[in-house]
Amino acid sequence: MNKPALLLINLGTPDSPSYLDVFKYLREFLMDGRVIDVPYSLRFLLVTLIICPFRSFSSGKIYKKLWDLSGGVSPLVKNTQELTNKLNLKQDKYDVYYAMRYQKPSIQEALTQIKQSNPSELVILPLFPHYASATSGSVFEDVTRRLSKDWVIPSFKFISQYYEHPSFINAWVEAAKDFNLLEYDKVIFSYHGLPNSQVNKVYLDHQCDGKNCEHEINDENHYCYKATVYETSKLIAEKLSLPRDKYEVTFQSRLTKNWLKPFSDEVLEDLPSKGIKKVLVFSPAFTSDCLETVIEIGYEYHELFIEAGGQTLDYVPSLNFSDAWVQAIIDITNTK
C-alpha cells in the first residue's frame, strides 16, 4: 500500500516585497471571510479600495527589511521548506509536503503533487498550534473545498490544534535553553491577537467572558483561542519552573482596540516604570519566524521598550526546523 501523505500548511507571504506582490498577498488574505468576517460587499470595499492600496506601501517597506535580514528570501517559506525536508529525512511513515494558505506554494499545487502518489491517507497539519477560525478553520475550508472537486477523495485526517501536546511544549523548552531565565525580570508570552467578536463566536452564547479562559481548559472553552494560549503559556512556564508572577500573557498585531487584551506593545511600554528592565519574549503561536517575530518583536517592540526605559528585550526564536520541532510533529501526527 502507498504511504500516507502529510501536508504542512503555513499562513503565507508575498512573493516579493514589491508593491504589487504585497497588494496581491494582502488582498487574498484579507478577502478571506474567516479573516475579516463581514458581508462580502463590505469586505470587498474595505480590502480592495481602502486597506490594500494604502497598506501595501508601508507593508512593502517592512517586508523589504525582513527579506534583507533573511538573505533576500522569505523566512516563512524557507523555514517551512527546511522543516519539510527534515521530516522526510527523519521519518518514513509519511511523504511530507508543504503549502501556504495564501500565495505560493499554493494548497492546490501541493494537492496536485500529492495526487500523483495516490496516498493511502492524507493528513493535514496546519502549522498553527491553537485553533482559530481565521487560521486552522480557513485551512480546513480551503482544503476540503478543493478535495471535494476530485473524483477520488482519500481517507482524510485534519489536526485542528495541538497547543497542549507534550512534544510541542518540549520544543519551546528546548528553544529556551539558549537563554538564562534568571537574567530576566519578566517573561512575556506574546500571541497574535484576534478580534473579540471572533473569539466570542466559539461559544453557543457568543460570549467568552465568564468562561475562566485565563485559568483552565474546560468543556466549553477547549477550542477558544484565548483559553488555549493561556494553557500553552502555563505548560511552558511549568516546564521552565517560572512562577506565575514572573510571566505575562499578551497579544500583538492588533488592528483595532476591540481585540484580545492586554496588548503586547502597551504592556512592554509600561514595564520599565515598574522597575522591570530586562524582558524575554516568547511567541508560541508562531512556529516559524516571520514578520511578526523578526520585525514586530525583534525591532519595533525592542525599540519601544528601550525608549520607555528598559535595558534588555530579547526574544526566543521560533521553532522553525529545530530537531525538537521535527520530533514534535512526528509525535503529534502519530497521536492526534
Enter the distance from [X]:[atom1] to [Y]:[atom2] here, rounded to the nearest 0.5 Å.
X	Y	atom1	atom2	result
Leu11	Leu291	CG	CG	11.0 Å
Glu216	Lys211	CD	NZ	12.0 Å
Leu194	Asn200	CG	CG	11.0 Å
Ile329	Leu87	CD1	CG	5.0 Å
Thr232	Ile169	OG1	CD1	5.0 Å

Identify, with sequence neighbours excluded, every residue that meets side chain to side chain contact (heavy atoms under 4.5 Å, CB included) alongside [X].
X	answer
Pro39	none
Pro119	Ala5, Ile114, Ser117
Tyr40	Met31, Arg43, Phe44
Glu231	Tyr163, Ile217, Lys234, Leu235

Between the side chains of [X] and [Y], does any donor sit under 3.5 Å from an acceptor?
X	Y	result
Asp15	Tyr25	no
Thr80	Asn10	yes
Thr335	His165	yes
Glu220	Asn218	no
Gln327	Asp323	no
Lys226	Asn221	no
Tyr191	Ser233	yes
Ser190	Gln252	yes
Asn88	Tyr94	no

Please check: side-chain N/O of [X] versus main-chain N/O of [Y], any donor-acceptor pairing under 3.5 Å?
X	Y	answer
Asp150	Val152	no
Ser56	Pro53	no
His222	Asp219	yes
Thr112	Gln108	yes

Row check, Phe57 ring normal vs Arg55 NZ/CZ: under 6.0 Å, within 45°:
no
Could you pull out the closest heavy-atom pair between Leu6 and Thr333, with the gap in Å?
CD1-CG2, 3.8 Å
Between Gln161 and Pro129, what is the shortest heavy-atom contact and its length?
CB-O, 3.3 Å
Whether [X] and [Y] hold their rings parallel, tilted or perpendicular, with breakpoints at 30° and 60°:
X	Y	result
Phe156	Phe158	parallel
Trp259	His192	tilted
Tyr162	Phe168	perpendicular

Check the pair Asp331, Lys336 against salt bridge (Lys or Arg N to Asp or Glu O under 4.0 Å), reporting the backbone distance first and the verdict last.
CA-CA 8 Å; Asp331 294 342; Lys336 280 286 186 177; over 6 Å; no
Would you check if [X] and [Y] make a side-chain contact, meaning some heavy-atom pair closer than 4.5 Å?
X	Y	value
Asp142	Ile9	no
Cys213	Tyr230	no
Val187	Leu240	no
His130	Ser136	no
Pro195	Thr256	no

Would you call Lys93 and Glu121 a salt bridge, taking side-chain N to carboxylate O under 4.0 Å as the test?
no
Do NZ/NE/NH1/NH2 and the carboxylate oxygens of Lys104 and Glu109 come within less than 4.0 Å?
no
Just jot down the side chain to side chain donor-acceptor pair (under 3.5 Å) partners of [X], sequence neighbours excluded, or say none.
X	answer
Lys61	none
Lys3	none
Glu238	none

Glu183 and Lys277: salt bridge (Lys or Arg N to Asp or Glu O under 4.0 Å), yes or no, with the steps?
CA-CA 10 Å; Glu183 293 180 354; Lys277 305 289 188 176; over 6 Å; no
How would you list all residue pairs meeting ring-ring contact (aromatic ring centres under 6.0 Å, His included) that involve residues 69-90, not counting sequence neighbours?
none
Pair listing, ring-ring contact (aromatic ring centres under 6.0 Å, His included) test, anchored in residues 288-336, at least two apart:
none
According to a hydrophobic-cluster definition based on side-chain heavy atoms being under 4.5 Å apart (Ile, Leu, Val, Met, Phe, Trp, Tyr only), do Ile107 and Met100 belong together?
no
Which residues pass the ring-ring contact (aromatic ring centres under 6.0 Å, His included) test with Phe128, sequence neighbours left out?
none
Could you tell me which residues satisfy ring-ring contact (aromatic ring centres under 6.0 Å, His included) with Tyr98, sequence neighbours excluded, listed by chain and number?
none
Passes ring pair (Phe, Tyr, Trp, His ring centres under 6.0 Å), Phe189 versus Tyr247? Steps please.
CA-CA 7 Å; Phe189 291 98; Tyr247 74 89; 5.5 Å; yes
Pairwise salt bridge (Lys or Arg N to Asp or Glu O under 4.0 Å) hits with a residue in residues 65-83, at least two apart
Lys64-Asp68
Passing option when Leu271 is tested against Leu313, Ile188, Asp185 for side chain to side chain contact (heavy atoms under 4.5 Å, CB included)
Ile188
